[in-house]
There are 2 protein chains.
Amino acid sequence: MPDKSKKKVDIVTVAKAARVSASTVSRYFNHPDLLKPATRKRIDTAVRKTGYIRNRAAQTIHGIRSGTIGVLIPTLDHAIFAEVVQAFSDEVADAGFTILLASHGYDLQREYAILRKFLEHRVDGVVLTGLDHDEAVFQLLDQQQIPSVLIWNYAAHSRYPSIGADNELAGRMIADHVLSLGHRRIAVMFPPTQGNDRAQARRDIVLETLAQAGVTVPEDWSLTTVYSISESKQDAQALFAQPDRPTALICGNDVLASGALYAAHATGLSVPHDISIVGIGDFKGSADIEPPLTTVRLPARRIGQEAGQALTQAIIDPTAAQGHSLHVAPILMQRQSARALP
Amino acid sequence: MPDKSKKKVDIVTVAKAARVSASTVSRYFNHPDLLKPATRKRIDTAVRKTGYIRNRAAQTIHGIRSGTIGVLIPTLDHAIFAEVVQAFSDEVADAGFTILLASHGYDLQREYAILRKFLEHRVDGVVLTGLDHDEAVFQLLDQQQIPSVLIWNYAAHSRYPSIGADNELAGRMIADHVLSLGHRRIAVMFPPTQGNDRAQARRDIVLETLAQAGVTVPEDWSLTTVYSISESKQDAQALFAQPDRPTALICGNDVLASGALYAAHATGLSVPHDISIVGIGDFKGSADIEPPLTTVRLPARRIGQEAGQALTQAIIDPTAAQGHSLHVAPILMQRQSARALP
DNA sequence: CGCATTTATGAAAACATTTGCAAAACTATT
DNA sequence: AATAGTTTTGCAAATGTTTTCATAAATGCG
């Protein structure tokens, strides 16, 4: 039915077709209750016939909300970020927002550039991943006075409201757990930490917790491995091949831990009998891997949802106090990849 | 430095600060070469001082491109889609496009609604996942004459250019492979197929290929399992517990296959000695799981990249022929989870 | 039925830009 | 120094909406 001719159809095209003024058509969309049912009906058919689609850009220049939220993550390739984004998107979609998504690949400069682009699009809100960002990023946010939230990592005193888990706590929890199982000969495997405050915090706290218990990790038992199952499998295999083996391996995240699990399997080591392996994150497959991975859960979905609620709230009611940080507690998931030393 | 006062800064604010007209400021951004170096410099500092950020919405109503591409996927929770999106996003970001992302969760009605929303935002292009869509969706696309591509699945005769792998081919490849290994007692496990043409096509072709070889899959060896490791582990465990066991299990995707692998492990079955298990997709961990999974690779990154290139091309040069479909060939990855029957 | 309300609609200004055209400011040439 | 040509800039119109204000139409009431 809709008119297929290429001439652009705008609000006045519809107005003409319905024999009303443009203002009335505008009202049809924004305050339908102000219209006489008969006119409403007339416009309705006109819209249908012309195939009219509202132009959000034209609305936006009136200071009307754009209906978009900019979401800035390191990468979608980590399942955990994909999960947060999905949850966030679902949450804000209900309120009519669409997300503008971009990833910076841990490059702070790109993050700034992308944020600017978001701002050019006049996003109604911004989501940034992690607590640490370039000072220029914060200045831009301050200056534009745009509702923003930092997700994934939590800190009570963050510069903008943060919604996420306390990564230091998570690190301490897993380290404490391993310690409590009686392990003292412990190896660690973490991802590189440049531009990644989350991994950084985790590593530091794990090492510190161990140190406080009098456990020091020898140089060659402290592995740095990129986020990849194959890499971690390889590195762990090398570690396990050494004559002198640790009794436990703490991994900075579950991907690394999965790789380590496979490495153990490939090396003929039995987990948790010969070695205990733990991760951080509780990623999707972690509960089902063999053996099920002991880890601490960082509730991604929950974070996405909470962030979505907080941000829509802040956008819809800008007078309300600038949102508060929210801590989504990590949870120790005791499964079968770690055991107590006899 | 930038002015922190809340009064909105627009192009005329900058113009005043630089003692030029608004048009000149506009030219500063769009045709800088038309400006005298001195004026350019003056505007430059004015922009900096005022903290001005261009308003894309205002440009867009002039028919200028919005610089956004709408990407519509079923869900980000499947790593494979996250991967395509990431690759696509990287590709188009280079050309200055930002993506508007939304997921429909396999609900065709929602897909239509989201597409409309994209169109309201005047996206410059649209990416849809899969070949099958509501007729209304295609009509909208036809009517709006907007560059569009269907990704993930390929078909030579698709209604809009499709860029992806031939899922039927992938299904046939893996079925043929299992057959060629000498298996005849074969079980299959596929995800539910409603609203999911990809899974549908795979299942049909696998069954058909087996049938052509004279192999029929008994009712209770044909499992339908939602996309989830834990579910598939459970279902596979039930299957393996039966007295009469198949010699091979073909899974509709690698997630299902991973679950089955864990199930075998948990049941004390050795893979591939006691049973061969294969998947489709070659997901991220598939090469590193124990044993490494035999599967057929659906090159997600490649698809995302190709789609990105094709779409930017179509947007930048609309006169060029409406893009062509592109087949990204699936590749059989022979690893260790399947063996030839003696 | 006429007047005062109330309700529904239209005209025009506003929003932040871009752009065609014309005027102004330079340069080069004689 | 005057002219012609070129480069740089400004003015004003245009873009697709929303909104304020005013007017027209409908309704209620005595």
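Because the structure is predicted, anything quoted here is derived from the model rather than measured.
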Q: Please list, chain by chain and in numerical order, all residues satisfying salt bridge (Lys or Arg N to Asp or Glu O under 4.0 Å) with A/D134, sequence neighbours excluded.
A: none
[X]: which residues meet the side-chain hydrogen bond (donor to acceptor under 3.5 Å, both in side chains) condition with it, sequence neighbours left out?
| X | result |
| --- | --- |
| A/S148 | none |
| B/E306 | B/R302 |
| A/H133 | A/E111 |
| A/D132 | none |

Q | Pairing residues for A/Q194 by the side-chain contact (heavy atoms from CB on, under 4.5 Å) criterion, not counting sequence neighbours | A | A/P192
Short N/O separations, protein against nucleotides 12-16 of chain C, under 3.5 angstrom:
| unit_1 | atom_1 | unit_2 | atom_2 | d |
| --- | --- | --- | --- | --- |
| C/dC15 | O2 | A/H62 | NE2 | 2.7 |

Q. In degrees, rounded to 10°, what is the bend between the two ends of the helix from C/dC1-D/dG30 to C/dT30-D/dA1, using five pairs at each?
A. 30°
Q | Residues which pass ring pair (Phe, Tyr, Trp, His ring centres under 6.0 Å) with B/Y154, listed by chain and number, not counting sequence neighbours | A | B/H327
Q: Not counting sequence neighbours, which residues clear ring pair (Phe, Tyr, Trp, His ring centres under 6.0 Å) with A/F29? List them please.
A: A/Y52
Q. When you measure from every atom of DNA chain C, which of residues 13-22 of chain B have a heavy atom less than 4.0 Å away?
A. none
Below 3.5 Å is the cut-off: list the nitrogen or oxygen pairs between protein and nucleotides 21-28 of chain C, distance only.
none

